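Every chain is numbered from 1 and lettered A, B, ... according to where its sequence line falls, protein lines coming before strand lines. Only heavy atoms go into these numbers, but all of them, side chains included; no hydrogens, no water, no symmetry mates. These numbers were taken from a predicted model, which means no experiment stands behind them.
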2 protein chains.
Amino acid sequence: MPIRLDDIDRRILRVLQAEGRIPNSELAERVGLSATPCLRRVRALEEAGVITGYRADLDRTRIGLGLTVLVGVKVDGHRDENARAIQEALQAMPEVVSCHLVSGETDFLLQVVVPDLAAYERFLLGTLLKLPMVKDIRSNIVIRTVKENAPLPLG
Amino acid sequence: MPIRLDDIDRRILRVLQAEGRIPNSELAERVGLSATPCLRRVRALEEAGVITGYRADLDRTRIGLGLTVLVGVKVDGHRDENARAIQEALQAMPEVVSCHLVSGETDFLLQVVVPDLAAYERFLLGTLLKLPMVKDIRSNIVIRTVKENAPLPLG
DNA sequence: AGTGAAAACCGTAGCGT
DNA sequence: ACGCTACGGTTTTCACT
């Protein structure tokens, strides 16, 4: 399943992970290629599914979302039975910006983004705890984001 | 600290969160503006720090990073004393793609990306446990990523 | 704040290497 | 595979509403 990447591909991915909106002409310059083959490689990486998309990163605090909470969720009974229903419910919650099914102390680990503690309480009581198969919830309030969405290490 | 956003700003942010490389002309069309004011708004959002950057999303499995682990780290003594040293160490580790200082069961929660379990073992024993002030580590292996980096809810 | 036109710049296809 | 050239489209500036 992993795709073979050469050195230039890796350079392209490194640049695009940091500057997703850079013009192809400048990308080409930075990776030491002319524009045409550079664009061809980018398209090939997109079509191979290596690059899955592009997106703008926002500063949460500036759009009134000052609180991030990392939430561990345990579910009732055997995970396999409930997994799909819970996953769909979590996926539909806009406050949940990421959700992983894990093996460890909890079943799911969520990243929840809300304006403040009052909103988090509302989310917890009104939404998350309303799910029928939730057994236990551990809330880890984020005090400081040390690092977020850092570039993936490319060899 | 939060910036005032009107309806069109929110529409712009919604589009750019999903399609960060969309041409301005098309963005303008989608939000119901002509190109010039649309670009002005995007620039203003960038300068106000609402948009902090743009980036390509990669498929980890296709670049040979098949394993994600969410790691809880407890540190010795009072957090404040060690916090800076640990944070700097974690920030320098390329396998650590995100790192949050939290209040809850653990002190730090990390997202670690590696090729496989063998590489994770190497990271754990050779890097993370080498930090002098680490007291306890809980590894939550990601079985399935249900949702990741979903768009932030914009009112 | 938005519009429209013009200039500069960029993306992309075709072809040659 | 890379690079060049050329065309068409996009971004960006500017004068105006």
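- Residues V96(B) and V71(B) form no side-chain contact, since every pair of their non-hydrogen atoms from C-beta on lies 4.5 Å or further apart.
- Look at CD on E26(A): it is 8 Å from P on dC10(C), rounded to the nearest Å.
- Summarising the geometry, the separation between CG on L39(A) and P on dT10(D) is reported as 14 Å, rounded to the nearest angstrom.
- Spacing between atom CD1 of I22(A) and atom P of dC9(C) amounts to 17 Å, rounded to whole angstrom units.
- A 4.5 Å side-chain heavy-atom check between V97(B) and R60(B) finds at least one atom pair inside the cut-off.
- The distance between atom CG of L5(B) and atom P of dA1(C), rounded to the nearest whole Å, is 13 Å.
- Checking the phosphate oxygens (OP1, OP2) of dT11(D), no side-chain nitrogen or oxygen of R43(B) falls inside 4.0 Å.
- In this entry the distance linking CG of L33(A) with C1' of dT12(C) reads 15 Å, nearest Å.
- At least one side-chain heavy atom of Q87(A) sits under 4.5 Å from a side-chain heavy atom of F108(A).
- Spacing between atom CG of N24(A) and atom C1' of dT12(C) amounts to 9 Å, rounded to whole angstrom units.
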(request) I would like to know whether Q111(A) and Q111(B) meet side-chain hydrogen bond (donor to acceptor under 3.5 Å, both in side chains); could you show each step before the answer? (result) CA-CA 12 Å; Q111(A) 184 170 1; Q111(B) 184 170 2; over 6 Å; no
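- For S25(A), a side-chain nitrogen or oxygen approaches OP1 or OP2 of dG11(C) to under 4.0 Å.
- Atom CD of E29(B) is separated from atom P of dT11(D) by 11 Å (rounded to the nearest Å).
- The side chain of P37(B) sits closest to dG2(C) out of dC2(D), dT10(D), dG2(C).
- Backbone-only contact: P23(B) has heavy atoms under 4.0 Å from sugar-phosphate atoms and none from a base.
- Sequence order on DNA chain C of the closest nucleotides to R21(B) and I8(B) puts I8(B) first from the 5' end.
- For the pair I51(B)/L58(A), a side-chain contact is recorded, criterion being any heavy-atom separation below 4.5 Å from C-beta on.
- Residue R40(B) places its side chain closer to dG2(C) than to any other of dT10(D), dC2(D), dG2(C).
- A sub-4.0 Å separation between OP1 or OP2 of dC2(D) and a side-chain N or O of R41(A) is present.
- Judged by distance alone, with hydrogens and angles left aside, T36(A) brings a side-chain donor or acceptor within reach of the base of dC4(D), the pair sitting under 3.5 Å.
- Rounding to whole angstrom units, CG of residue D7(B) and C1' of dG2(C) are separated by 17 Å.
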